[in-house]
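Take a look at the structure below.
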Amino acid sequence: KAGVTQTPRYLIKTRGQQVTLSCSPISGHRSVSWYQQTPGQGLQFLFEYFSETQRNKGNFPGRFSGRQFSNSRSEMNVSTLELGDSALYLCASSSGQGETQYFGPGTRLLVL
Amino acid sequence: LAKTTQPISMDSYEGQEVNITCSHNNIATNDYITWYQQFPSQGPRFIIQGYKTKVTNEVASLFIPADRKSSTLSLPRVSLSDTAVYYCLVRRSGGYQKVTFGTGTKLQVIP
């Protein structure tokens with residue numbers, strides 16, 4: 001069974017731009033969560049989607065948004081990028097609420 | 001969800017058994033303990049998960065005492081490739097919750 005895939009793997013943007021990251025969960029998994037990882041703040045929860053509905057949200061500004069499609073694939077969007085948004089963005093999928101999460105390789109975003 | 005506390009770092013020589021302990025004093029009845037391994041610039045990899053007593057798989061063992069307020073990840077005969085950050089995580093079965101990762105334990109295996 002293929003694992004979680006994330007695209008693109010690397011991305012360079014400039015301040016003020018917006019970016020969209022994509023995540024394809026493990027086949028059969030319906031829950032997708034997003035995390036931001038930085039050296040200073042560690043792994044921080046962004047949001048979780050299940051059946052196309054956001055079920056939980058972390059403490060991030062409204063510039064961070066996401067959505068989930070009917071095939072469980074998910075995208076996250078960051079608008080008006082700031083230098084501090086430079087991070088590794090991780091997507092994790094699980095078979096359902098509260099189940100074990102399996103992570104993708106991440107998207108490395110660099111904001112200049 | 002229960003907050004977890006782990007040592008920030010550990011060193012071990014190749015071939016030794018490594019035990020990493022995680023404290024989760026406020027663990028609830030329907031909480032499970034999950035451990036992940038993460039290499040630099042990669043996503044965390046699921047290692048092992050348990051509820052109580054002992055769980056063993058091909059990679060590691062997980063020991064959970066009766067009060068479940070702590071857990072110990074045991075890695076047998078570590079090699080240089082086991083150098084990574086190890087995260088202990090408490091997750092609740094059912095329902096949606098904000099998953100909180102702690103600082104993790106940076107394991108350095110020395111030749």
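Chain naming here is simple, since letters A, B, ... match the order of the sequence lines and numbering starts at 1 in each.
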Any chain of hydrophobic side-chain contacts (each under 4.5 Å) joining [X] to [Y]?
| X | Y | value |
| --- | --- | --- |
| Y10(A) | L81(A) | no |
| L83(A) | V19(A) | yes |
| F46(B) | V85(B) | yes |
| L11(A) | W34(A) | yes |
| V55(B) | V18(B) | yes |

Enclosure of R15(A) CZ (heavy-atom neighbours >12, cutoff 6.0 Å) =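 It does not: R15(A) CZ has 12 such atoms or fewer within range.
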For Y32(B) and T100(A), indicate whether the former's side chain and the latter's backbone hold a donor-acceptor pair under 3.5 Å.
-> no
Search all heavy atoms of Q38(B) against all heavy atoms of L90(A) and return the closest pair with its distance.
-> NE2-CD1, 4.1 Å
Please classify the contact between [X] and chain B as side chain, backbone, both or neither, with a heavy-atom cut-off of under 4.5 Å.
| X | value |
| --- | --- |
| Y35(A) | side chain |
| L43(A) | both |
| Q37(A) | side chain |

For chain B, which residues of residues 103-112 of chain A have heavy atoms nearer than 4.5 angstrom | F103(A), G104(A), P105(A), R108(A)
Most contact-rich option vs chain A, by heavy-atom pairs under 4.5 angstrom, among G102(B), S41(B), G43(B), P44(B), is P44(B)
